[in-house]
Structures are given as C-alpha cells and as structure tokens.
Amino acid sequence: MPSLRLRALALACFAFALLAPSAAAKPAEPPQPAAEAWILIDARDGERLAADDATDQRSIASATKLMTAYLALRERDLDRRVPAPAYQALAAESLLGLEAGERISYRELIYALILASANDGAVTVAEGVSGSVDRFVGKMNATAERLGLEDTSYANPIGLDEPGNYSTAADLAKLATILLEDDFFRKVADTEAHTVKTDRASRPIVTRDDLLTRVPWVTGVKTGFTGEAGNVLVGAGEREGTRLIAVVLGAPSEAARDDGVLSLLEYGFSLYRPEAAVRGREALADPPVDSGGTVELLARRPVTVSVRRDQEVETAVDAPAELEGPVRRGERLGSVEVTVDGRPAGSSPLIAARAAPAPSLGDGVRNNFPTLAVVGGALIVIVLAVVIVRRTRRVEGRGATR
C-alpha cells in the first residue's frame, strides 16, 4: 500500500509540473512605482501598457525643457550661435555658467538642456528663438496645442514652480515619443558626457540621468526636481527594435524615481517576444527569366521583430513579375517589408539566388512563339482574304465583258 501512495503522489507531482508552465506564461501584474502619477507606453504605436493617474495635471519641473528643446530643434541652423542674456539665478539652480553676451549654438544648448538641465541655457534658447521669454512661452503653448498635448500648459521655459506650468505623465510620454523620432535628439538623450563649446570657453557636462549610466538599454531622456513637482523622470529604453517610454511624476526620492521607471520598462519588455518574420536566405519569390527558367529571390538578411501577444505580423514582398537577363548572382531585385499591426518594423533586400544569361535569338523566338503564331496566323488570314477578293473581282470583270 505505501508504494501505491507514493506512486499516486508522483503522478500528482507530474501533473502539476505539466500545468506549471502555462501558469508561468501568464503576464505578471504591472509594478506600482512610489510616485504620484506614472505611465508606460510603446513608442511605436502609442499603446498604453500600464498607467496610474496618467492624465492628472501636475508640476513637471525640468521636464518642461523637453518643449524648450523641441523648439530649439525646429531652428533651421542648429550651428548658429546666439548670445546668452544676463541671467539672475536663484539658489541651487542648475546652470551651464554662461556669461552675458557669450555666444553658443542651438546644438550645444540642446546638450546643455538635456544633460545638465541648464536653466541659463533654456533662457538663451527662448530669447534666441523668439526674442523674449514671454513670446517664447506663447510659442511653447501654441506648439503644445498643435501636438495634441491637451493637458499641458507652460509659464516658463525652465520648469520653475509657477502657476500655469504643468503637464501630465501621458502628455510627457507623447512629447518624448515625438522628440525621439529626431536622430539628433535621440543621440543627445543617449549621451552620458559632452563638452559644450562656446565662443569663449569649453565646459564639460555629464548627464543627470543615473539610469543611462547604469543600464545598457536605457536611452534617456530627462530628469527633473522642484519642491512642488517632487522627483520627475521621463525614461526610455530599447530592446530588439522596441522602444518603450516610462514617465514617473512626484516620486519621493531620486532612488524611487529611478526604480519606478526601471521597473516599468522591465515589465513592459516582458510583454514582448521575438518573432522571426523573415529568415536569412529565405526564398520569397521565383519570377521567370526571359532566357528560360526561374530565379529564386532570397532575403539577404533575417528580420526579427519584437511583438506583444495581441499584435499581428505581416510581410509584403515587392519583386518583379518577370526578369530580363542577364541577371547577376546576388543582384538586388526587390525587397520584403515587415509590419507589426500595419506599422513598418523591418525590411530586407531580395537578391538573386543564381545568375541567368541574356536571352539568345532562339530564346526570343521560343519565348515569343505564342505571339508570333497569333501574328503569323493573322497575316495568313489577311493574305487569303486579299487573294479571294482579287479572284472575285477578276471573275466579276470577266462576266461584265460577256
């Protein structure tokens, strides 16, 4: 009897082991950062993956400078130098240390805004772009409206606590998404250290974003702190072609701010799986060649995409319906595009798997035989018709002389 009980227990454990993987496959619950408001989105499609009070209007501290940087990026010549105005700083402000009249480019100012959170740099951008801080703030608000940031208002280009200067976690995530589409901004946000150069001096600066220096796949974006806003972080991360953005507002400390954003990003990436949409050297088309036979068109490189459980992956092949020789082996003759939920996610050129010669005269005759046969048949019919008509006319003519 004891052996039967042991056997039954073993069978029960085996059954539990079979069921365990399906239970483990269930997505984990989203984290709960120690913050007043937060959000996590997929930057590719704007899908909200987790959020709490994401549309509550709150003071956002130096995350305000994201809009200041956005307007600086819109300037036609980022290398144009503008003079720094005289700036009366309050205690404990973040500064680059610009002197009145010192000339600095918009390119360097964007580094100063994002890495060092330089308040004097923000005012320099404002006066350089619009001629005055007030006019620049008006431009900030008009731009927020145009971009669809419905719960955002600006009162200064810096992020100092002031009535009328607020946003939401959702709006900040949307603005970060737009900014990260710009190649230069993406480079700046992912920079740990930079030397800012003006017409008078060179100043080394380092990022205030600790996650950027600690986590290899974190790619920025902007920190902030004031007494009213608490600790703020707009963070981004990239893995296998997926870019996620997490925003934490009102965290009680820098550690809580960083832990909150990192836990959100890690949770977000756990929702995705890699899918091999196209295999390397996969044959995706085999159009006929005018010299005879067909030529397989192969994907030159694999395309792997990162997708959520609810997303659809599709491939679209763009290749010639037929080929004209000569064809070189490895010649590019089309492409395959991969989309995730209808949005571009990757691509690969298509190349010829083998060479094919130009058609010979015989190939031309053989390939065009159906057409030649039709044309020849038509000519024969026309000739016969002409002969018949002429004979008929001759017979009619002879009858008329009788």
Side-chain angles (χ1 to χ4, degrees), residues 44-45 181-184 186-187 238-243 272-308 310-398:
R44 296 179 302 182
D45 59 6
E181 291 173 356
D182 182 276
D183 291 342
F184 175 63
R186 198 162 56 248
K187 175 184 175 183
E238 291 190 32
R239 286 184 184 175
E240 298 176 335
T242 297
R243 178 183 299 148
Y272 293 77
R273 71 182 191 281
E275 181 170 323
V278 177
R279 300 188 306 275
R281 311 293 293 182
E282 179 179 358
L284 295 173
D286 57 343
V289 190
D290 55 4
S291 57
T294 61
V295 170
E296 286 191 332
L297 301 184
L298 313 177
R300 190 165 70 186
R301 58 174 175 263
V303 180
T304 300
V305 294
S306 182
V307 294
R308 299 191 302 271
D310 59 338
Q311 291 182 308
E312 183 176 1
V313 179
E314 294 182 333
T315 58
V317 174
D318 181 12
E322 57 183 337
L323 300 174
E324 295 181 0
V327 174
R328 301 186 312 275
R329 184 173 182 271
E331 180 178 352
R332 179 171 178 169
L333 294 169
S335 63
V336 56
E337 302 288 334
V338 179
T339 59
V340 176
D341 280 354
R343 294 178 176 82
S347 64
S348 173
L350 298 182
I351 58 174
R354 69 174 182 87
S360 64
L361 180 60
D363 291 329
V365 171
R366 282 194 300 273
N367 293 337
N368 293 296
F369 181 77
T371 302
L372 293 174
V374 171
V375 173
L379 287 173
I380 291 171
V381 170
I382 292 170
V383 169
L384 289 174
V386 170
V387 170
I388 292 170
V389 168
R390 286 181 177 177
R391 287 182 177 179
T392 302
R393 286 178 179 173
R394 286 176 186 171
V395 171
E396 290 176 350
R398 290 172 185 171

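The structure displayed is predicted, hence computed values, not measured ones.
For Glu312, the side chain to side chain contact (heavy atoms under 4.5 Å, CB included) partners at least two apart in sequence or on another chain are Glu314, Asp341. Checked against side-chain hydrogen bond (donor to acceptor under 3.5 Å, both in side chains), Glu337 has no partners two or more places apart in sequence or in another chain. Pro274 meets the side chain to side chain contact (heavy atoms under 4.5 Å, CB included) test with Glu240, Thr304; sequence neighbours excluded. Remark: Arg273 engages Glu275 in a side-chain hydrogen bond (donor to acceptor under 3.5 Å, both in side chains) (not counting sequence neighbours). With sequence neighbours excluded, the residues forming a side-chain hydrogen bond (donor to acceptor under 3.5 Å, both in side chains) with Arg308 are Asp42, Asp45, Tyr272, Asp310, listed by chain and number. With sequence neighbours excluded, the residues that form a side chain to side chain contact (heavy atoms under 4.5 Å, CB included) with Pro326 are Ala358. For the side-chain hydrogen bond (donor to acceptor under 3.5 Å, both in side chains) test, no residue two or more places apart in sequence or in another chain qualifies with Ser335.
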- Task: Might you work through the side chain to side chain contact (heavy atoms under 4.5 Å, CB included) test for Thr242 and Arg44, ending with a clear yes or no?
- Result: CA-CA 7 Å; Thr242 297; Arg44 296 179 302 182; 3.5 Å; yes
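Summarising the geometry of Pro359 relative to Gly325, their closest heavy-atom pair is CD-O, 4.0 Å, with the distance given to 0.1 Å. In this structure, Pro288 and Ala321 approach most closely via the heavy-atom pair CD-O, 3.2 Å. Here the closest heavy-atom approach between residue Thr294 and residue Arg354 is recorded as O-NH2, 2.9 Å.
With Val278 as the partner, the side-chain contact (heavy atoms from CB on, under 4.5 Å) test is satisfied by one option alone out of Val305, Val317, Val303: Val303.
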Side-chain donor-acceptor distances from residues 279-287 under 3.5 Å, at least two apart:
{"from": "Glu282", "atom 1": "OE1", "to": "Arg279", "atom 2": "N", "distance (Å)": "2.9"}

Exercise answer: donor-acceptor pairs, residues 344-353 side-chain atoms, under 3.5 Å, sequence neighbours excluded:
{"from": "Ser348", "atom 1": "OG", "to": "Arg300", "atom 2": "N", "distance (Å)": "3.2"}
{"from": "Ser348", "atom 1": "OG", "to": "Arg301", "atom 2": "N", "distance (Å)": "3.1"}
{"from": "Ser348", "atom 1": "OG", "to": "Arg301", "atom 2": "O", "distance (Å)": "3.2"}

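Counted within 6.0 Å of CZ on Arg328, heavy atoms from surrounding residues, nucleotides or ligands total 12 or fewer; the atom is thus considered open.
Annotation: side chain of Pro320 is in contact with side chain of Leu297 (closest heavy-atom distance under 4.5 Å).
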